[in-house]
Amino acid sequence: MRPLEGIVVVELAQYLSGPFAGLKLADLGARVIKVERPGTGDPCRGLFISEPVAGENPLFHAINRGKESLTADLRDPGDRALLMGMIARADVLIQNFRPGVIERQGLSYDAVRAASPGIVYGSISGFGPTEWAALPGQVLLAQARSGLLWLTGSRDDPPMPMGLAVADMLAGEAMAQGLLAALIGRGRTGHGAHVETSLIEALISFQFEVLTTYLNDGGHLPERPAVNGAHAYVGAPYGVYRTSDGWLALAMVPSFGVLAGLMGVPALAEFDTPGSALAARDRIKAIIAGATPGRSTREWLDLLQPADIWCAEVLDWPALMETAAWRQLGVVQKMGALRTVRGPLRFGGAALPVAGAAPDLGADSSRIREEFGQAGVSRA
């Protein structure tokens, strides 16, 4: 039995952040009813990041697997009545429209709470209650305003975005966490809650370690390394180095004297003093980068790992999927005609299987309309 079986979620969300929060709850067993616009549905249905696979959009399936789809026109009085009946019997509502949109639809938290006092209501925006509130809440724009772009890459690189929809994923993950906490709180107090987050808040929280440093060290800006940038605040050898046949990630060493002996590079021994790893970071990295092409990645691993040098091979996806570790984790699962990766949690030693593919637009409308056609008793 999945932990959230019996929990009903109404998802008035689109694109990534809100649907990702719904996905997290669906993976844990919640029933997630995705309410979509008739005819077009969630715009993410048409947001392709690859060619269609078997006529399907892998992105939409990945973010909406295991959900149900109801098409409803919120301007239609009958559909609005249906939706309010659903909300009255639901545990959770998730929405991620721009500020003001949900209010104009008459579905603000206050309006929904009046119909369902025990509702746990989740709102995700781009920039929260700030001067940027009306601006598009898009992942690259949120990254650009968050300061994150100055932490990746090397000193002479331009600002470097992360190559994932990191703001949406982090905000959705935070929202799922907040919704679960509010459900536990409701079980103790009987009261629902309004849980709010934004892309910008999720990205700021993501940087909590380095921002805490910045706030307490006199406001020194992060300095990306000139050589093999991997972390603006971490000293050598932290970085990725070319080998004769690939790349080696080198994180921590017990001492540069030990590393000098293992690598056959006596020059590294002079940096075996406190503070050198950061003060002489670029010099150390340049010396290491000059030596690593002399051996293969496997040779370096066989030499360094037994000496407690923290290092790893750098894998691309095909190489990762050839490893025993990949097979042992069993992360790939069927999702209708497509394949995807499961969520990261295990319960009692077992992973939760993917519940199924994303629904076709309106696939569950008839059944849901029959079930919720009459307003039920609210979750008080």
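No donor-acceptor pair under 3.5 Å is formed between the side chain of Asp272 and the backbone N or O of Ser255. When atom types are taken as modelled, the side chain of Gln305 and the backbone of Asp302 share no donor-acceptor pair closer than 3.5 angstrom. Proximity of a side-chain donor or acceptor of Asp79 to a complementary backbone N or O of Ala72 within less than 3.5 Å is not detected. The closest donor-acceptor contact from the side chain of Asn57 to the backbone of Cys44 lies under 3.5 Å. A donor-acceptor pair under 3.5 Å is formed between the side chain of Arg327 and the backbone N or O of Glu322. The backbone N or O of Val240 sits less than 3.5 Å from a side-chain atom of Asn228, completing a donor-acceptor pair. Of the possible polar contacts, one joining the Asp157 side chain to the Ser154 backbone as a donor-acceptor pair under 3.5 Å is found. Looking at Gln333, its side chain does come within 3.5 Å of a backbone N or O of Val354 through a donor-acceptor pair. Between the side chain of His191 and the backbone N or O of Arg186 there is no donor-acceptor pair closer than 3.5 Å. Checking side-chain atoms of Ser125 against main-chain N and O of Arg98 turns up no donor-acceptor pair under 3.5 Å.
Annotation: side chain of Asp91 is not in contact with side chain of Ile119 (no heavy-atom distance under 4.5 Å). The shortest distance between side-chain heavy atoms of Glu223 and Tyr233 does not fall below 4.5 Å. A heavy-atom distance below 4.5 Å is found between the side chains of Leu107 and Met84. Side-chain contact between Leu180 and Leu25 is present, with heavy atoms from C-beta onward closer than 4.5 Å. Proximity of Thr130 to Ile200: side-chain heavy atoms (C-beta onward) are nowhere separated by under 4.5 Å. A 4.5 Å side-chain heavy-atom check between Glu313 and Trp300 finds every atom pair outside the cut-off. The closest side-chain heavy-atom distance from Val8 to Val92 is not below 4.5 Å. For the pair Lys34 and Asp42, the minimum side-chain heavy-atom distance is below 4.5 Å.
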Next on the checklist: I'd like to know whether Arg2 forms a side-chain contact (heavy atoms from CB on, under 4.5 Å) with Leu28, so could you lay out the CA-CA distance, the side-chain angles of the two residues, the decisive distance to 0.1 Å, and finally the verdict.
Outcome noted: CA-CA 6 Å; Arg2 295 169 187 259; Leu28 292 170; 5.8 Å; no
Item to check | Full working for side-chain contact (heavy atoms from CB on, under 4.5 Å) between Leu151 and Arg224 | outcome: CA-CA 7 Å; Leu151 296 176; Arg224 296 182 292 179; over 6 Å; no
Checklist entry - Checking side chain to side chain donor-acceptor pair (under 3.5 Å) for the pair Glu201/Ser198: CA distance, chi angles, key distance, verdict? => result CA-CA 5 Å; Glu201 287 169 289; Ser198 64; 2.7 Å; yes
Item to check | Derivation and outcome, side-chain contact (heavy atoms from CB on, under 4.5 Å), residues Ile288 and Tyr241 | outcome: CA-CA 8 Å; Ile288 295 172; Tyr241 298 86; 3.6 Å; yes
Checklist entry - Would Ser69 and Asp360 satisfy side-chain contact (heavy atoms from CB on, under 4.5 Å), going step by step from the backbone distance to the final call? => result CA-CA 7 Å; Ser69 175; Asp360 292 336; over 6 Å; no
Next on the checklist: Is there a side chain to side chain donor-acceptor pair (under 3.5 Å) between His194 and Ser123? Walk through the geometry before answering.
Outcome noted: CA-CA 8 Å; His194 188 191; Ser123 298; 2.8 Å; yes
Item to check | Derivation of the side chain to side chain donor-acceptor pair (under 3.5 Å) call for Asp245 and Thr297 | outcome: CA-CA 7 Å; Asp245 64 349; Thr297 301; 3.3 Å; yes
Checklist entry - Would Thr243 and Ser296 count as a side chain to side chain donor-acceptor pair (under 3.5 Å) if you check the C-alpha gap in whole Å, the side-chain angles of each, and the deciding distance to 0.1 Å? => result CA-CA 5 Å; Thr243 66; Ser296 70; over 6 Å; no
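Other residues, nucleotides and ligands contribute at most 12 non-hydrogen atoms within 6.0 Å of the CZ atom of Arg283. Within 6.0 Å of CD in Glu5 there are more than 12 heavy atoms belonging to other residues, nucleotides or ligands. For OH of Tyr214, the number of neighbouring non-hydrogen atoms (other residues, nucleotides, ligands) closer than 6.0 Å is 12 at most. With a 6.0 Å radius and a threshold of 12 heavy atoms from other residues, nucleotides or ligands, Arg37 has its CZ atom at or below the threshold.
Residues meeting the side chain to side chain contact (heavy atoms under 4.5 Å, CB included) test with Glu68, sequence neighbours left out: Arg31, Ile33, Asp364, Arg367, Ile368. Partners of Arg113 by side chain to side chain contact (heavy atoms under 4.5 Å, CB included), not counting sequence neighbours, listed by chain and number: Tyr109, Asp110.
Between Arg342 and Gly330, the shortest heavy-atom distance links the atoms NE-O, 3.5 Å. In terms of heavy-atom proximity, Gln14 sits nearest to Pro43 at OE1-CD, 3.2 Å. Taking both residues in full, the closest heavy atoms of Ala111 and Gly106 are given as CB-O, 3.4 Å, listed atom of the first, atom of the second, then distance. For Gly153 against Pro225, the heavy-atom pair with the smallest separation is O-CD, 4.4 Å. Residue Ala142 comes nearest to Leu199 through the heavy atom pair CB-CB, 3.8 Å, listed as atom of the first residue, atom of the second, then distance.
In this structure, CD1 on Ile94 lies 9.5 Å from CG on Leu12, to the nearest 0.5 angstrom. Rounding to the nearest 0.5 angstrom, the gap separating the CE atom in Met160 from the CD atom in Gln143 is 11.0 Å. Atom CH2 of Trp326 sits about 4.0 Å away from atom CE of Met321, to the nearest 0.5 Å. Ile7 CD1 to Leu179 CG: the interatomic distance, rounded to the nearest 0.5 Å, is 11.0 Å. Rounded to the nearest 0.5 angstrom, Phe256 CZ and Ile287 CD1 are separated by 9.5 Å. Taken to the nearest 0.5 Å, the CG atom of Leu304 stands 14.5 Å off from the CH2 atom of Trp310.
Note on Arg45 versus Glu36: salt bridge recorded, some NZ/NE/NH1/NH2 to OD/OE distance being below 4.0 Å. Asp76 and Arg80 are not joined by a salt bridge, as no carboxylate oxygen comes within less than 4.0 angstrom of a charged side-chain nitrogen. Note on Lys67 versus Glu11: salt bridge recorded, some NZ/NE/NH1/NH2 to OD/OE distance being below 4.0 Å.
Clustering of Ile, Leu, Val, Met, Phe, Trp and Tyr by side-chain heavy atoms under 4.5 Å joins Met169 with Tyr15, Leu16, Phe20, Leu23, Leu47, Ile49, Leu59, Ile63.
Under the side-chain contact (heavy atoms from CB on, under 4.5 Å) test applied with Val9, the options Val32, Val120, Leu93 reduce to a single match, Val32.
Linking ILVMFWY side-chain heavy atoms closer than 4.5 Å, directly or via other members, places Leu301 and Leu250 in a single hydrophobic cluster. The same ILVMFWY cluster, assembled from side-chain heavy atoms under 4.5 Å apart, contains both Phe372 and Leu74. Residue Leu221 is grouped with residue Leu203 when hydrophobic side chains (ILVMFWY) are merged at heavy-atom distances under 4.5 angstrom, including chains of intermediate members. When the side chains of ILVMFWY residues are joined at heavy-atom separations under 4.5 Å, either directly or via intervening members, Ile204 and Leu170 end up in two distinct hydrophobic clusters. Val227 and Ile284 end up in different hydrophobic clusters when Ile, Leu, Val, Met, Phe, Trp and Tyr side chains are linked at under 4.5 Å.
Phe127 carries Arg145 over the face of its six-membered ring, with the cationic atom under 6.0 Å from the centre and within 45° of the normal.
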